[in-house]
Q: 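Right, I'll just put the structure down here and ask away after.
Numbering of ligands and ligand atoms starts at 1, following listing order.
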Amino acid sequence: MWPTKWGLPTYTVRNNNAFWAFIGRVSLFAPRYVEGKQVIYEILNTSYELAGMPLKLSSAVTELPRVGPAKAKYLTKLGITHARDFLYTFPRRYNDFSKITPINELKVGAQMTVQGIVKSAKSNQGWRGRRRLLRVYVEIEDDTGVLNVTWFNLRFLMQQLGTGRKIAVAGTVEQDTRSKQLRMRSPVIEFLDGTGEQTHTGRITPVYPETYGVTSRFLRYQVKQALPLLQRLPEYIPADIRERHELVGIHEAITTMHFPDDTDALEVARRRVRFDELFFLQLAALVRRAQREQRSAHPLPTLNLGQFKKQLDFTLTGAQLEAIDEITKDIGKPVPMNRLLQGDVGSGKSVVALFAARTALAAGHKVLYLAPTEILARQQAKVFAQTLGEDSVALLIGALPSGKKRALKERLRISDPLCVVGTHALLQEDVQVSNLALAIVDEQHRFGVEQRQALQEASNDEMVPHLLSMTATPIPRTLNLTVYGDLDVSVLDELPPGRMPITTSVVPQGERDEAVVHILEELHAGRQGFVIAPLVEESERLEAKSATEAYAEMRKLFPDIAIGLLHGRMSSEEKAGVINNFSAGALQLLVSTSVVEVGVNVPNATVMIIEGAERFGLAQLHQFRGRIGRGEHQSYCYLFPTSDEAVAAKRLQVLAATTDGFVIAEEDLKLRGPGEVYGAAQSGFGDLQVASLLDYPTIKIARQEAVKILENDPQLDEYPILKAKVEQKNLLTHFE
Ligand code: ADP
Ligand code: MG
């Protein structure tokens, strides 16, 4: 029978048959004293029987033994709310404790497992600082020798460790500096005089993602208890797909993921799980696409490009022309476009968006343009107004006086053509747009899925606007399929002609003067420059302070130069004033926090210092650097690390070595992983535990199979589990 939480059989500590699973972080598992007597849970070291078992896949974790309300709360942090979630929480790594090593063959520094008999167990109560510290000293003996093991603050362990008990310990072998004897400190322990197989030692042991209050040991225990529930989980990948790609069944895969017999079996299991994860990602993307294609959008007749070209004071690049062509075709159709325009900083995305906006206006429709910052919104509104006409472009930002805001929102409800450029203010519910044909999201990686959706939902009729997203965080081409599986992608892989690659150097302390002298020369020659102040984590106030200090320093260093200051604590009017002055050339040098990251377009700026450069991420550094090198002059970027040790930092070296946004994106991906780079929540690949977005071969197979399934069964009627997974994101929600 499954022991219920309230009716646990109790054993006194002398009962040696009780399998004692305790946890490294003992305070959470402190023994309970009931009427002065220690009460412990009986934990069978064998999986429980299904027959008569009240537990289901859908059981809440609180129905499980050893999970109270507090523990349940901790588990939620790992996404574990139901019994089923234990099955799908995979180990992050494994400790190979499968080999038992005789004590006389232990190697210092290695992770090893020892089995033996408790020869002696002592404890002493001491102090560490002001905290009481209980040390438990145990000698373990096998046929070949004796090993000293110490645990700390494991009060109840002491009571368990009677002389003669058979135990296994697994951990790192150390050597005592004074006595030279080998020892282990706080190893994993398992009592072997119970029944059944080993969970924590003597095997390849899973190590789970842990969080406060939830240890791997606890998860191992719960997973093991939950494994029989697999019987209730039907196989959901069709047999023909499994056969084609030699994938093992789901029961075997999950069991092996948690408790592999050997590394070969583990690899086979991982293959299956990898496939599952990427397959669902593809399936969901394709279903989203199919759903989108059932909605309607305003078809926009193609404009004459020649006239537009005449208005520009430059010639469009081949890449820009191609992107314009792709977009024009998409928005000419009565189904909503969903296209990502990908192009490095300065590749000229705005003008492509501009042509799309113009196409919509010419057909009498409205356009919303969402920008991540007010600086960028203002600038873009200005650029658009120059080409589209003052009357056709309006700015909507939080700082707008409420009277003006109201008037503009009124105007959006009536149906004259208008392009509104704005910030998050566009996403407010009272922004109701009639005749909305096109929504543009600039720097789309700055926004979440919901925000992009909200923008499209501003339409006050049945029509869905075409969506054009733009990003300067280029995504390695191989990732397009996964990251943006339901998007079409246009790439600007060509910079406007005449751009000279920026020269970037990482400057040690001793060489800063030279850099400063060079900057002064540039400024005297009529160029402009930026100084980026160090990043101060978690506080806009401190960051403003650090920028203000850098500003004061620069004033001393360059007394005859007009210097401006820009930071996030300034009002948006102040910020706009400074940017305007800088654009107009009235300021020669701009000291700024990261607020300058996007949007400032001053082609005359040719020099940049980034202070505390190693504190920024690679992508962000690349964005900063993109503020220079926008004109005809050679530009220079100086990275000033905080210390000389940081000169060697990988990301600084990468930045110095290349200006190619794609190379940088790939390096960034290697350094930080896709979740960090693209934001896990953004594209649902937070679900990936085992698969990698860089696993192109598997991605390709997964996509082919997903396409094939949907071709035959677009509604997934024959595949209820797949359907549930796609719709509810949780594979197991509708299983008992
Ligand atoms: P981003 O892709 O970073 O958004 P922008 O659209 O802001 O780049 O363009 C950067 C600069 O390059 C702007 O000053 C723009 O006028 C200019 N530009 C865009 N396309 C061309 C081109 N084909 N030839 C020359 N300059 C161009
Ligand atoms: Mg831009």
Side-chain angles (χ1 to χ4, degrees), residues 305-306 308-325 327 339-358 369-388 419 421-423 440-447 468-475 489-502 527-528 530 579-580 582-585 595-606 608 619-633 635 637 659-662 664-665:
L305 188 59
F308 179 69
K309 281 182 183 163
K310 271 187 226 143
Q311 278 187 287
L312 303 173
D313 46 18
F314 48 76
T315 318
L316 292 169
T317 63
Q320 282 169 326
L321 287 170
E322 204 171 309
I324 285 177
D325 186 51
I327 291 166
R339 186 170 281 278
L340 177 73
L341 178 59
Q342 226 184 358
D344 210 346
V345 262
S347 59
K349 294 181 289 292
S350 307
V351 70
V352 175
L354 187 59
F355 185 72
R358 190 189 165 105
Y369 186 111
L370 177 64
T373 64
E374 290 195 355
I375 296 175
L376 188 55
R378 282 175 195 275
Q379 184 173 291
Q380 220 56 314
K382 216 192 251 169
V383 171
F384 274 33
Q386 275 162 16
T387 314
L388 303 175
C419 173
V421 180
T423 52
I440 301 170
V441 184
D442 200 359
E443 309 291 343
Q444 68 94 37
H445 57 282
R446 295 286 204 94
F447 298 96
L468 176 63
S469 322
M470 305 197 280
T471 183
T473 304
I475 291 134
V489 181
S490 297
V491 183
L492 299 184
D493 50 4
E494 186 182 350
L495 287 182
R499 294 272 168 82
M500 278 187 273
I502 302 166
R527 305 284 84 75
Q528 289 166 282
F530 296 91
I579 302 254
N580 280 343
F582 187 65
S583 306
V595 295
V596 81
E597 181 190 332
V598 291
V600 177
N601 183 27
V602 180
N604 188 44
T606 58
M608 173 174 278
Q620 204 178 10
L621 289 168
H622 182 59
Q623 289 281 346
F624 289 145
R625 184 172 59 177
R627 300 306 110 216
I628 57 173
R630 298 183 148 242
E632 53 193 318
H633 302 285
S635 290
C637 181
T659 52
D660 185 331
F662 280 103
I664 287 172

Q: Could you tell me which atoms of ligand 1, counted from 1 in the order shown, lie closer than 4.0 angstrom to a heavy atom of Ser350?
A: 4 (O), 5 (P), 6 (O), 7 (O)
Q: Phe314 to ligand 1: N or O pair under 3.5 Å?
A: no
Q: Below a 4.0 angstrom heavy-atom separation, can you tell me which part of Thr317, side chain or backbone, both or neither, approaches ligand 1?
A: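 The answer is both.
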Q: Who's the nearest protein heavy-atom neighbour of atom 13 (C) of ligand 1, and how far?
A: Asn601 ND2, 3.2 Å
Q: Evaluate side chain to side chain contact (heavy atoms under 4.5 Å, CB included) for Asp442 paired with Leu370, printing each intermediate quantity in order.
A: CA-CA 6 Å; Asp442 200 359; Leu370 177 64; over 6 Å; no
Q: Does ligand 1 have any atom that is closer than 4.0 Å to a heavy atom of Ser347?
A: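 The answer is yes: ligand 1 sits under 4.0 Å from a heavy atom of Ser347.
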Q: Any idea which protein heavy atom is nearest atom 9 (O) of ligand 1, and the distance to it?
A: Gly348 CA, 3.6 Å
Q: In ligand 1, which numbered atoms sit nearer than 4.0 Å to a non-hydrogen atom of Pro496?
A: 20 (N), 21 (C), 22 (C), 24 (N), 25 (C), 26 (N), 27 (C)
Q: I need the atoms of ligand 1 closer than 4.0 Å to a non-hydrogen atom of Val345, numbered in the order shown.
A: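 So the atoms of ligand 1 that pass are 3 (O).
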Q: Say whether Gly343 and ligand 1 are in contact under the criterion: heavy-atom distance to a ligand atom below 4.0 Å.
A: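 Judged by the 4.0 Å heavy-atom criterion, Gly343 does not count as contacting ligand 1.
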Q: Tell me yes or no: between the side chains of Asp344 and His622, is some donor less than 3.5 Å from an acceptor?
A: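 Short answer, yes.
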Q: Does any N or O in the side chain of Gln379 come within less than 3.5 Å of the main-chain N or O of Leu376, such that one atom is a donor and the other an acceptor?
A: no
Q: Judged by atom type as modelled, is there a donor-acceptor pair below 3.5 Å linking the side chain of Glu494 to the main-chain atoms of Ala319?
A: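 Side chain of Glu494 to backbone of Ala319: a pair is present.
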Q: Say whether Asp344 and ligand 1 are in contact under the criterion: heavy-atom distance to a ligand atom below 4.0 Å.
A: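 Checking ligand 1 against Asp344, which is what was asked, there is a heavy-atom contact under 4.0 Å.
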Q: Going through the checks in order, is the ring-ring contact (aromatic ring centres under 6.0 Å, His included) test met by Phe530 and Phe582?
A: CA-CA 10 Å; Phe530 296 91; Phe582 187 65; 5.0 Å; yes
Q: When only distance counts, is Pro603 in polar contact with ligand 1, meaning an N/O pair under 3.5 Å?
A: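 No.
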Q: Is any side-chain heavy atom of Arg630 closer than 4.5 Å to one of Leu495?
A: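 Sidechains of Arg630 and Leu495: no contact.
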Q: Identify, for atom 3 (O) of ligand 1, the protein heavy atom at the shortest distance, and state residue, atom and that distance.
A: Gly346 N, 2.7 Å
Q: Going through the checks in order, is the side chain to side chain contact (heavy atoms under 4.5 Å, CB included) test met by Arg627 and Val345?
A: CA-CA 8 Å; Arg627 300 306 110 216; Val345 262; 3.6 Å; yes
Q: Looking only at atom types and distance, does a side-chain atom of Lys309 sit under 3.5 Å from a main-chain N or O of Thr315, one as donor and one as acceptor?
A: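 No.
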Q: Under a 3.5 Å cutoff, is there a donor and acceptor pairing between the side chains of Gln311 and Arg358?
A: yes
Q: Could you tell me if Arg339 and Ser490 have a donor-acceptor pair between their side chains, going purely by distance under 3.5 Å?
A: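 Yes - a donor-acceptor pair under 3.5 Å links their side chains.
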Q: Could you find the nearest protein heavy atom to atom 23 (N) of ligand 1 and give me its residue, atom name and distance?
A: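 Answer, as residue, atom name and distance: Thr315 O, 2.8 Å.
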Q: Just need the protein heavy atom nearest to atom 20 (N) of ligand 1, so name the residue and atom and give the distance.
A: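 Here the nearest protein heavy atom works out to Gln320 NE2, 2.9 Å.
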Q: So which of Glu632, Arg627, Arg630, Arg499 gets nearest to atom 17 (C) of ligand 1, if we judge by its closest heavy atom?
A: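 It is Arg499 whose heavy atom sits nearest to atom 17 (C) of ligand 1.
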